[in-house]
2 protein chains.
Amino acid sequence: MRSSVSIRDVAVRAGVSVGTVSNVLNHPDRVAQATRARVLSAISDLGFVRNESARQLRAGTARAIGLVVLDVANPFFTDVARGVEDVASQAGHAVILCNSDESAQREIRHLELLAEQRVHGVLITPSDPSLEPIRRLQRRGVSVVLLDHPSSEPDICSVAVDNRTGGELAVTHLLAEGHQAIVMVNGPAHIRQGRERHLGALDALRKANRDSDLLEVIEVPMLNVAAGLRAGERLLARTSRPTAVFCANDMLALGVLQVMVRAGVRVPDDLAIVGYDDIDFAAAAAVPLTSVRQPRQLIGRTAAELVIAETMSPDEHEHQRVVFTPELVVRESSRRRRRTRRPARRVPAPAGSEV
Amino acid sequence: MRSSVSIRDVAVRAGVSVGTVSNVLNHPDRVAQATRARVLSAISDLGFVRNESARQLRAGTARAIGLVVLDVANPFFTDVARGVEDVASQAGHAVILCNSDESAQREIRHLELLAEQRVHGVLITPSDPSLEPIRRLQRRGVSVVLLDHPSSEPDICSVAVDNRTGGELAVTHLLAEGHQAIVMVNGPAHIRQGRERHLGALDALRKANRDSDLLEVIEVPMLNVAAGLRAGERLLARTSRPTAVFCANDMLALGVLQVMVRAGVRVPDDLAIVGYDDIDFAAAAAVPLTSVRQPRQLIGRTAAELVIAETMSPDEHEHQRVVFTPELVVRESSRRRRRTRRPARRVPAPAGSEV
DNA sequence: CAATGCCGTTGAAACGTTCCATCACAGGGA
DNA sequence: TCCCTGTGATGGAACGTTTCAACGGCATTG
């Protein structure tokens with residue numbers, strides 16, 4: 001319990017005024033060497049810890065930034081978070097990590113909370129397509145940077161990766177491998193990333209002069225492994241199966257892959273799979289997963305730098321729209337021509353495996 | 001910018017005193033229906049958001065609990081975090097998530113920060129074996145619960161899984177599969193979990209009347225995939241290789257597995273691998289990974305409940321030491337007798353595969 | 001010697017809440 | 001008529017900081 005010790009107690013013990021103690025804490029150069037030493041020893045004697053809420057109340061703003069992501073369990077976001085954290089802690093800011101679970105309602109609650117905390121800025125992957133709660137926050141003077149979501153309007157910073165190009169890369173690759181029936185396993189329609197990746201997939205078809213019917217979409221409610229498993233089971237239960245699946249992220253792809261491997265469906269021979277994000281686990285999957293790589297940490301770093309820059313000088317700040325370009329990483333899960341990975345392996349080539 | 005609107009502005013607009021506005025916020029029953037309505041509409045007109053630091057300053061404590069983990073990028077911890085978050089948000093608390101990266105120094109910095117924030121309680125997986133920084137926090141009246149770390153002393157709550165039993169389960173299983181040379185890939189010595197899993201492994205040897213030389217230890221600096229990759233390469237470079245590897249967690253195991261698969265080492269025939277934690281990705285690995293399962297979310301939930309209970313009634317609180325029992329999940333990565341998972345597969349059985 | 005400038009320190013105001021003792025008022029019972 | 005009670009509203013104190021104008025003392029300068 002020890003009713004917590006305040007700056008006043010320290011002042012009494014050191015025989016100085018509270019103002020001086022505060023100066024020792026915040027402007028050590030303003031106070032004489034001897035006094036400073038006295039105050040510091042009083043601080044350590046009493047075990048004084050500055051009360052951040054009081055500091056904040058006076059200062060008007062917290063030394064923290066909020067980070068709202070769709071799902072912390074997704075390694076993509078933890079990597080982004082790592083980038084954010086690096087930059088933020090460099091600048092002396094704490095990071096408050098929130099999970100919206102792709103729910104607009106939870107997003108609103110978290111933003112409310114961050115507003116009450118008077119955070120400096122917020123980095124957010126929006127769940128609510130209207131961006132309305134975010135606007136409200138902005139109107140209150142909080143700098144906001146959209147994460148993994150390009151801004152359509154010019155009055156807000158954003159850091160994103162070109163999802164449309166990513167989707168196009170993935171499907172162009174599958175077409176080049178000769179696939180004629182592709183299913184895209186996508187998240188809920190209000191998740192913009194998925195919508196854009198889908199548009200990119202359609203671009204790929206168009207550019208290859210293929211009919212857009214070639215691509216069918218299966219929508220799942222969440223972007224995690226469990227949803228991937230269910231999608232895989234749905235695919236398995238069908239009478240006519242596609243020859244390739246493009247998943248909106250790696251978690252879904254790993255789920256689908258797991259179902260296929262268990263059911264004895266050969267990947268990629270019977271079914272090719274392409275994921276998105278290239279999380280670390282993609283390379284270690286049952287069949288190493290082809291995926292679209294995004295510069296995860298860099299996204300986080302850039303976003304954090306933007307938000308900090310904006311809070312430093314809100315007036316001359318120019319809103320930026322940073323877009324990174326994704327990159328296709330081809331691995332075994334989508335290679336028609338199978339590499340003889342394991343020396344002992346001598347499997348009769350399935351029909352149609354010649355490219 | 002809109003210099004933020006305070007409770008006072010609301011009061012003026014609604015034609016009441018600040019006390020009344022505060023009552024509307026905190027004790028709505030105390031204020032008459034009509035007044036309440038007037039105040040509420042003033043609040044929404046002005047877009048008032050309560051200043052949490054002011055509230056906190058007055059109340060003396062934040063509505064938040066801190067969660068310090070070794071590595072957010074480890075799915076084990078994100079699952080634990082999910083459990084914590086569920087319980088905490090139920091109780092109206094925010095969760096401040098910190099990453100110690102297994103570094104005692106970062107741990108200290110984070111605890112310092114949490115102390116400044118006057119959090120209600122802290123859940124922590126300690127990096128610093130001395131627990132000294134944690135003691136300091138306790139002395140200041142913050143409730144602490146050790147996470148994934150049994151407490152040796154009776155004056156602190158802890159929630160853990162019996163690591164020693166887990167280690168024993170893993171190695172007993174490997175011995176039963178006939179392995180004669182086992183390597184344990186372990187994290188740094190100051191990480192208690194790893195030390196205990198190692199002790200359990202030795203228990204298994206003893207109970208089977210085997211010589212303890214049978215188990216060799218490779219120590220790596222971190223418990224992540226990258227470290228696992230390096231460990232795998234070290235193993236690969238050796239002239240005499242073990243027949244089985246037990247990794248201190250799944251991230252390491254996935255790293256080792258990836259190296260082996262790439263190098264054409266057959267798993268489990270040439271090298272069996274057992275991991276620890278049974279993260280979701282373990283089942284989806286190149287060769288589905290045998291692992292020791294821990295009740296991840298439950299650990300988080302229990303710890304959060306304990307810390308909240310302790311902060312509610314610090315005096316009559318009985319410190320508890322909760323220990324869960326782990327469970328071995330056997331998958332293909334350690335099964336001597338290979339199941340014919342893929343119909344096409346007909347691999348000549350390697351010598352000694354008959355159990 | 002007076003004026004000036006600098007350094008280190010002080011004391012009080014302010015930040016936005018919550019809490020609490022107090023008060024105004026209306027209605028009911030004696 | 002007076003007193004009592006209960007309901008709602010009020011005003012100010014308190015929480016622990018930071019900031020800032022003011023001040024005293026000392027050295028320097030004219």
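In what follows, every chain begins at residue 1, and chains take the letters A, B, ... in the order their sequences are listed. Keep in mind it's a predicted model, so treat the numbers as computed, not measured.
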Its contact letters, B for base, S for sugar-phosphate only and - for none at protein heavy atoms under 4.0 Å, make nucleotides 13-20 of chain C read BBBBBBB-
Could you give me the CA-CA distance, side-chain angles and deciding distance for B:N51 and A:E116, then say whether side-chain hydrogen bond (donor to acceptor under 3.5 Å, both in side chains) is met?
CA-CA 5 Å; B:N51 183 325; A:E116 290 191 351; over 6 Å; no
Phosphate oxygens OP1/OP2 of C:dT9: is one of them under 4.0 Å from a side-chain N or O of A:S17?
no
Return the CG to OG distance between A:N99 and B:S89, rounded to the nearest 0.5 Å.
10.0 Å
Strictly by modelled atom types, are A:R63 and A:H93 linked by a side-chain donor-acceptor pair under 3.5 Å?
no
Checking side-chain polar atoms at under 3.5 Å, does A:N26 have a donor or acceptor matched by the opposite partner on A:S22?
yes
Would you check if there is a donor-acceptor pair between the side chains of A:S53 and B:Q56 at a distance under 3.5 Å?
yes
Which nucleotide sits closest to the side chain of B:A32: C:dT10, D:dG8, D:dT10?
D:dG8
At 10 degrees resolution, what angle do the end axes of the helix from C:dC1-D:dG30 to C:dA30-D:dT1 form when each is taken over five base pairs?
60°
Specify the separation, in whole Å, of atom CG of A:D29 and atom P of C:dG8.
9 Å
Checking A:T20 side chain against A:V16 main chain: does a donor-acceptor pair fall under 3.5 Å?
no
What is the distance, rounded to the nearest whole Å, between atom CD of B:Q33 and atom P of D:dA9?
11 Å
Between A:E107 and A:I124, is a side chain to side chain contact (heavy atoms under 4.5 Å, CB included) present by the stated rule, with each step listed?
CA-CA 9 Å; A:E107 172 177 313; A:I124 180 170; 3.8 Å; yes
Round to a whole Å and report the spacing from CZ of B:R36 to P of D:dG8.
9 Å
Distance in angstrom units between A:D9 CG and D:dT17 P, rounded
9 Å
Do B:S127 and B:S103 have a side chain donor and acceptor closer than 3.5 Å?
no
